[in-house]
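Written out below as structure tokens is the structure these notes cover.
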Amino acid sequence: MFNILAVVIYISILSYFAYLGFKGTKTAKDYLVGGGQIHPFIMALSYGAAFISTSAIVGFGGAAAFFGMSLLWLTFLTIFVGVFIAFVVYGKRTRKIGHNLSAHTFPEFLAKRYKCPAMQKFAAVVIFLFMPIYAAAVMIGAAKFLEISLSIPYVTALFFTSIIVAIYVFFGGLKGVMYADAFQGGLMFVGMLFLIIFVYVKLGGVVPAHTALSELLTKPEVAGQLKMCKMPPVFNGWASMPGFLSINWMVVVTSLVMGVGIGVLAQPQLAVKFMTVKSNRELNRAVPIGGVFILMMTGVAFTVGALSNVFFFNDTGKIAAVAAGGIDKIIPLFLNTYLPEWFVALFMIVLIAAGMSTLSSQFHAIATAFGHDLLYSEKQSQEKQVLITRIGVLIAFVLTFVLAFYLPKIWDGAIARGTAIFFGLCAASFLPMYTAALYSKKIKRKAALGGMLTGFVVSLFWMIFVHFKTATALGICSAMLNKPFLFKGTKMPFVDPIVIALSASIIVTVILTLVFKKDIDDEHIEKTFEGV
């Protein structure tokens, strides 16, 4: 009964924010960038809530239960790169240049900066086709928790999660999204604060908890369970970093830490938020808020995930991955088994909030890629443009729902994997030319487009034919070459696509800049960097 009441109150509050957004959305600019007048506190919480989702809490929390506290390096990167570097190095110039060029979306920002409409179309296609994978990862996390907490079928939980987000993004635009994100960010902060205090108190304090985690590896029965989980023979335990260049090190560092920690800089749904504030002063004020928020979200999730092994082992004699029967089930089972019933109901709202806040920004980014970047025409009225974009929300909903239904069937750890795939793809496709767009007046249009295409193609090739996890799941390499993946027997299949594809994108961009002649006029460059 309490669960249902909490959900009803939560939905009522979201409905109110959707109404506020709907009431305040009069133009396409309102719908796309919130009118450019969003308060820094709202922007910081919205950015953090959009970044940290059920993917981080459920998916990466489960990954931390599997790989250990080495994932805390991702916490460091998400704060240093995802907040400080993103806001100070990227955010200020994105806001100013975006205003100079009257850009309303990330693809439009790149296209106007390089005077290359093809970049806008291509970037929009990448977002429209591949962001649903990331959105599905977030949706899976929320639905898995609802499935266990409310004892309802997974498909029902999936539909419930997605339809709420679709409704308030459809009506509220970016204003509705950011208001709701800020509210949900506050819920998430309070919930995670209670969770970390509860876990350490139950385990007798910080030192006893971490000592117990370290000593798990000495238990004779754990060795057999590690083999059951297909853990590599050399495993240093959940409180230690994997051995340098070991298989676990490759997965943790290149896929989970670098894939997300670096990929965050080129996330379209996050970059557009820099264009919603009116000055750099607002961005400066948002940095400490965003930093503390993300520290609490990721730091707690990864710590609790690793320490869940102690709870499960003491209670069942099994490590978390074995007791839960899968990485994505660890955090939902842990919370529903060991946390007080009243808190589970409240934390259910926290996890729904985490999923909703990220999904709303993702649906908005997919919708604007469809309505504004792919189908926009100067002949369209403001009303028609908003309508087409809202149709994009419905398409995003369908694509994401279908992926969220099928991905858990082919991947264990689909949440963390789906997140890392999209972050890495964005980094390889967008990051070099996004960085150059902000800081270089010399990068050629053809070089930027060539680098973008190279990053995308190499990343996709590595996923399909080389990377062991994605290549095996997709089955294309097996069908074409009769091998699950290439370079089997070496460590190459454990190197994440971001390492190879991002390097290739940078190299091609630099080479083409040296080869081609200047193809962007000085007047445009001066307008772009005016006041920067």
Side-chain angles (χ1 to χ4, degrees), residues 52 56-80 188-226 229 231-232 234-244 246 248-249 251-253 256-257 261 291-324 327 330-340 343-344 346-347 350 416:
I52 304 302
I57 299 171
V58 176
F60 282 81
F66 191 79
F67 292 108
M69 289 194 175
S70 55
L71 257 70
L72 286 172
W73 278 107
L74 179 54
T75 295
F76 168 75
L77 275 188
T78 53
I79 295 171
F80 180 68
M188 291 159 64
F189 188 92
V190 173
M192 296 300 274
L193 179 62
F194 177 88
L195 178 60
I196 191 65
I197 293 173
F198 176 87
V199 167
Y200 277 130
V201 168
K202 280 292 184 180
L203 294 178
V206 176
V207 174
H210 288 251
T211 300
L213 185 63
S214 299
E215 291 177 349
L216 273 185
L217 202 60
T218 64
K219 309 293 183 181
E221 54 267 57
V222 168
Q225 294 180 39
L226 291 175
C229 296
M231 189 68 78
V234 181
F235 179 61
N236 296 333
W238 293 273
S240 303
M241 191 72 185
F244 182 63
S246 66
N248 270 16
W249 188 92
V251 174
V252 169
V253 175
L256 302 179
V257 175
V292 171
F293 179 81
I294 289 179
L295 171 63
M296 181 60 68
M297 295 301 105
T298 60
V300 170
F302 303 161
T303 301
V304 169
L307 290 173
S308 70
N309 284 285
V310 180
F311 280 84
F312 282 116
F313 187 83
N314 289 344
D315 188 33
T316 68
K318 299 176 181 178
I319 59 176
V322 175
I327 291 175
I330 293 173
I331 296 300
L333 182 62
F334 169 76
L335 293 172
N336 279 278
T337 304
Y338 299 108
L339 274 292
F343 179 74
V344 172
L346 291 179
F347 201 78
V350 170

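These numbers were taken from a predicted model, which means no experiment stands behind them.
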To check you understand the geometry: which heavy-atom pair defines the closest contact between A306 and M69, and what is its length?
CB-CG, 3.6 Å
What's the shortest heavy-atom distance between G59 and I327, and which atoms?
O-CG2, 4.2 Å
Any non-hydrogen side-chain atom of F189 less than 4.5 Å from a side-chain atom of V292?
yes
Do any N or O atoms from the side chain of T303 and from the backbone of V300 form a donor-acceptor pair under 3.5 angstrom?
no
For I331 and I57, the nearest pair of non-hydrogen atoms, with its separation, is CG1-O, 3.5 Å
Could you check whether any side-chain N or O of D315 sits under 3.5 Å from a backbone N or O of F311, counting only pairs where one atom can act as donor and the other as acceptor?
no
Heavy atoms of P242 and V252 approach each other most closely as CG-CG2, 4.3 Å
V222 vs E215 side-chain heavy atoms within contact, under 4.5 Å
no
Work out which heavy atom in W238 is nearest to a heavy atom in A64; give both atom names and the distance.
CD1-O, 4.3 Å
Parallel, tilted or perpendicular: rings of W249 and F244 (30°, 60°):
perpendicular
Applying side chain to side chain contact (heavy atoms under 4.5 Å, CB included) to A320 and not counting sequence neighbours gives A65, S308, N309, F312, I330
Atom CZ in F293, atom CG in L295: separation rounded to 0.5 Å?
11.0 Å
State which residues pass side chain to side chain contact (heavy atoms under 4.5 Å, CB included) with L339; sequence neighbours excluded, sorted by chain then number.
F194, L195, F198, F334, L335, F343, V344
In short, A301 meets M192 closest at the heavy-atom pair N-CE, 3.7 Å
Going through the checks in order, is the side chain to side chain contact (heavy atoms under 4.5 Å, CB included) test met by F302 and T75?
CA-CA 8 Å; F302 303 161; T75 295; 3.2 Å; yes
Let me confirm one number: the CG-CG distance from L216 to N314, rounded to the nearest 0.5 Å.
7.5 Å
